[in-house]
Amino acid sequence: MSNTSYFGSIAAGLKTLATGMKVTWKEYFTPKSTEQYPENRKTTLHVAERHRGRLVMLRDENGAVKCTACTLCEKTCPNGSIKIKTEMVTTEDGKKKRRLVDYQYDLGDCMFCQLCVNACNFDAIKFTNDFENATFSRDALALHLDKENYESSLPNILDGGAPLEIGKFNTKTK
């Protein structure tokens, strides 16, 4: 037999119900933002800059990739979506150096955990917030990052896109 009375249990149940309803009504009256996608993706679409959508390889001021082929990103990737091919070359001063031959990244297998970016000591790779990666073939998701010059599919998306306006129904078309 419990120590609470019949009416005490009813009061506790009503208190719990009131707490839940308070949370529900508070959320109901909070302003919302609605994105009209895909119709208005070039005008009003907002994507947070910290969103991880696609891995890209960064280049220096001469256009050469910053990757030194140290393979740290490949080793830290938990599911093997990065595969790096390297070769040993002799430099002009007679030292042996590893050179990047192919940097293959499988977007379809990636977990977007950002461990590869965190492991890179040379700031050679980063995630962009470009999320339009849909394709009809899984083979198209295997990218060779060292051989491509990345261009975003949407204007201003890398800067976060359009400014986010809370409580606005974004329906502009131009």
Side-chain angles (χ1 to χ4, degrees), residues 32-168 170 172 174:
K32 308 292 186 282
S33 174
T34 303
E35 299 284 350
Q36 296 300 309
Y37 182 85
E39 296 84 12
N40 298 339
R41 70 179 180 256
K42 296 190 188 270
T43 56
T44 62
L45 182 64
H46 173 80
V47 177
E49 289 183 54
R50 67 177 182 244
H51 173 74
R52 301 176 197 151
R54 187 179 191 283
L55 190 68
V56 295
M57 187 163 280
L58 302 176
R59 299 177 179 272
D60 62 9
E61 59 275 353
N62 299 327
V65 294
K66 291 182 175 182
C67 182
T68 60
C70 66
T71 68
L72 281 175
C73 55
E74 180 181 26
K75 291 172 185 168
T76 60
C77 184
N79 59 349
S81 57
I82 297 174
K83 293 184 179 36
I84 299 175
K85 291 181 185 169
T86 63
E87 68 181 7
M88 294 302 284
V89 294
T90 306
T91 60
E92 298 164 354
D93 54 350
K95 295 181 180 177
K96 291 198 178 236
K97 183 179 178 185
R98 190 181 306 195
R99 186 175 68 89
L100 180 67
V101 174
D102 187 30
Y103 191 103
Q104 186 175 348
Y105 165 65
D106 192 347
L107 182 64
D109 286 342
C110 185
M111 296 187 327
F112 306 101
C113 63
Q114 202 169 1
L115 290 174
C116 56
V117 175
N118 295 340
C120 183
N121 293 327
F122 304 99
D123 292 327
I125 54 176
K126 78 169 192 172
F127 273 102
T128 64
N129 59 351
D130 195 355
F131 63 91
E132 288 194 339
N133 300 312
T135 180
F136 289 106
S137 168
R138 282 192 57 87
D139 294 336
L141 295 175
L143 307 171
H144 300 274
L145 297 185
D146 60 319
K147 294 170 181 55
E148 72 174 15
N149 283 327
Y150 171 73
E151 293 289 329
S152 175
S153 62
L154 297 171
N156 302 334
I157 200 69
L158 300 180
D159 301 323
L164 179 63
E165 298 178 29
I166 301 295
K168 200 87 167 180
N170 294 328
K172 292 187 287 184
K174 295 190 184 200

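Computation of the quantities below employed the complete heavy-atom set of this structure, encompassing side-chain atoms and omitting hydrogens, waters and symmetry-equivalent molecules.
- Nearest heavy-atom pair, R98 versus T86, reported as atom, atom and distance to 0.1 Å: CG-CB, 3.5 Å.
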Donor-acceptor list for residues 117-128 side chains, cut-off 3.5 Å, not counting sequence neighbours:
residue	atom	partner	partner atom	Å
N118	ND2	Q114	O	3.2
T128	OG1	R54	O	3.3

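- Contact check for Y105 versus C116: no side-chain heavy atoms found under the 4.5 Å cut-off.
- In terms of heavy atoms, Q104 sits closest to A142 at NE2-CB, 3.9 Å.
- Here the side chains of L55 and C110 are not in contact, with every heavy-atom distance at 4.5 Å or above.
- Shown here are the side chain to side chain donor-acceptor pair (under 3.5 Å) partners of K147, two or more places apart in sequence or in another chain: D102.
- Pairing each heavy atom of T135 with each of A140, the nearest pair is OG1-CB, 3.5 Å.
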field: side-chain contact (heavy atoms from CB on, under 4.5 Å) evaluation trace for L141 with D106
entry: CA-CA 6 Å; L141 295 175; D106 192 347; 4.1 Å; yes
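- When all heavy atoms are compared, the tightest approach of V101 to D146 is O-OD2, 3.3 Å.
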Determine all donor-acceptor pairs shorter than 3.5 Å in which one atom belongs to a side chain in residues 78-85; sequence neighbours excluded.
residue	atom	partner	partner atom	Å
N79	ND2	D109	O	2.3
K83	NZ	G80	O	2.9

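- Contacts of T90 classified as side-chain contact (heavy atoms from CB on, under 4.5 Å), with partners at least two apart in sequence or in another chain: K96.
- A distance-only check finds no donor-acceptor pair linking the side chain of R59 to the backbone of A64 [under 3.5 Å].
- With hydrogens and angles disregarded, no donor-acceptor distance shorter than 3.5 Å links the side chain of D130 to the backbone of G53.
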field: Derivation and outcome, side-chain contact (heavy atoms from CB on, under 4.5 Å), residues Y150 and L58
entry: CA-CA 9 Å; Y150 171 73; L58 302 176; over 6 Å; no
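- Y103 has its side chain out of reach of H144: every pair of non-hydrogen atoms, C-beta onward, lies at least 4.5 Å apart.
- Residues passing the side chain to side chain donor-acceptor pair (under 3.5 Å) test with D93 are T91, sequence neighbours excluded.
- A search for side chain to side chain donor-acceptor pair (under 3.5 Å) contacts involving N62 returns nothing, not counting sequence neighbours.
- For K97, the NZ atom sits in a loose shell: 12 or fewer heavy atoms of surrounding residues, nucleotides or ligands are nearer than 6.0 Å.
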